[in-house]
Protein chains: 2
Amino acid sequence: MQNLSLTLKKSGYKLTTPRNILLKVLKKINKPMTLNEIHSECSTIDFASVYRSIKLFNEIGLVEEVNFADKKIRYELSNNSHHHHLLCSKCGEIKELPVCILSEIEKLTNYTITKHTFEFMGICPNCKK
Amino acid sequence: MQNLSLTLKKSGYKLTTPRNILLKVLKKINKPMTLNEIHSECSTIDFASVYRSIKLFNEIGLVEEVNFADKKIRYELSNNSHHHHLLCSKCGEIKELPVCILSEIEKLTNYTITKHTFEFMGICPNCKK
DNA sequence: CTGGTTGCAAACTCTTTGCAATCCT
DNA sequence: AGGATTGCAAAGAGTTTGCAACCAG
């Protein structure tokens, strides 16, 4: 929390009450969430403010976008470990996947990769029972 | 072309002039295209018809969705080889990437993967010069 | 104080649908 | 002929912005 608000201030932005609440929500849930999901966790804040704050957080690297094949953009707090996700299309649970083959792709193709989507939807072991 | 219209008819749908034109466009370009890009290649067809036809093509498996991190949904003709893409954010060229680690992910996680996004954006070797 | 930020409302853009006319088979 | 399909227009949904009031530093 401390470091989150610090990042914000260091980037030259104010730590306002709405932003503080947003950071708490993101920290509490700690899974990729859509703007609507975030907003429903703190509906006292106007949607436009949620929108602008999350957009700002994304710009200064506090949160990251996650793009599943369902086309809903989700956001989660950046943590230091690069990872991707598995979304169960039955129960909706999102699990982290500590695998990425970015550097292999770069070597293979000679591209400099700036963005990538590497997310999976499926049925989790539990829902298969 | 022949097999494309056959798939359509076999699925119980009519091969109309607009659909025929669409199939030609998809075949000619043969890269993932947004609905707008497709429509601009055949602007005599109403956008709503492009939308509905591509949606239908997708449902019967004639085309597949491609989701890059730029959040624009693109479509391309399904071909028998499963592949993913590299989009150069400078020149816009899209290249195929014949790599996928789907089965590895399934083994690793015990999920049954139903959808996945596995697309890359970056700078291509040519644009780096 | 003072410029950044918020909430409200409205504008935009993109996606989707209803319906009468038209087209395949 | 008759149901599927099209084009037009408009409805929906989600995203983005202008602006006056407000607040953190």
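Just so it is clear: chains get the letters A, B, ... in the order the sequence lines come, proteins before strands, and each one is counted from 1. All values derive from a computational prediction rather than experimental measurement.
The distance from atom CG of B/D46 to atom P of C/dC23 is 15 Å, rounded to the nearest whole Å. Computed from coordinates, the A/L15 CG to C/dT6 C1' distance equals 14 Å when rounded to whole Å. Counting to the nearest Å, the P atom of C/dC24 and the NZ atom of B/K14 are 9 Å from each other. Rounded to a whole Å, the CG atom of B/L22 is 14 Å from the C1' atom of D/dG7. Note: NE2 (B/H39) to P (D/dG7) measures 9 Å, nearest angstrom. Between B/K10 atom NZ and D/dA4 atom P the separation is 21 Å, expressed in whole Å. As a whole-Å value, the separation of A/L6 CG from D/dA24 C1' is 16 Å. In this structure, CZ of B/R19 is placed 11 Å from P of D/dA4, rounded to the nearest angstrom.
Using a 3.5 Å distance cut-off with no hydrogens or angles, the side chains of A/S81 and A/N79 do pair a donor with an acceptor.
In this structure, B/L35 reaches neither bases nor backbone, as no heavy-atom distance under 4.0 Å exists between it and the strands shown.
Atom-to-atom distance recorded for B/I45:CD1 and B/L22:CG is 4.5 Å, nearest 0.5 angstrom.
The B/Y13 side chain lies nearest to D/dT5 when the options are C/dT16, D/dA24, D/dT5.
Taking the side chain as every heavy atom from C-beta outward, A/F120 and A/L87 never approach each other to under 4.5 Å. Side chains of A/L4 and A/L8 form no contact here, defined as non-hydrogen atoms less than 4.5 Å apart.
DNA chain D is contacted by A/Y51, A/R52, A/K55 of residues 49-75 of chain A, taking any non-hydrogen atom closer than 4.0 Å.
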Could you please spell out the steps behind the side chain to side chain donor-acceptor pair (under 3.5 Å) verdict for B/H85 and B/E76? CA-CA 11 Å; B/H85 304 85; B/E76 71 170 348; 3.0 Å; yes
Could you please spell out the steps behind the side chain to side chain donor-acceptor pair (under 3.5 Å) verdict for A/H116 and B/H84? CA-CA 11 Å; A/H116 60 298; B/H84 294 279; over 6 Å; no
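In terms of hydrophobic clustering, with Ile, Leu, Val, Met, Phe, Trp and Tyr side chains grouped at heavy-atom distances under 4.5 Å, A/L102 and B/L108 are assigned to a common cluster.
Residue A/T17 has no polar side-chain atom (N or O) positioned under 4.0 Å from OP1 or OP2 of D/dC23.
Each of B/T16 and B/A48 has a nearest nucleotide on DNA chain C; the 5'-most of these lies closest to B/A48.
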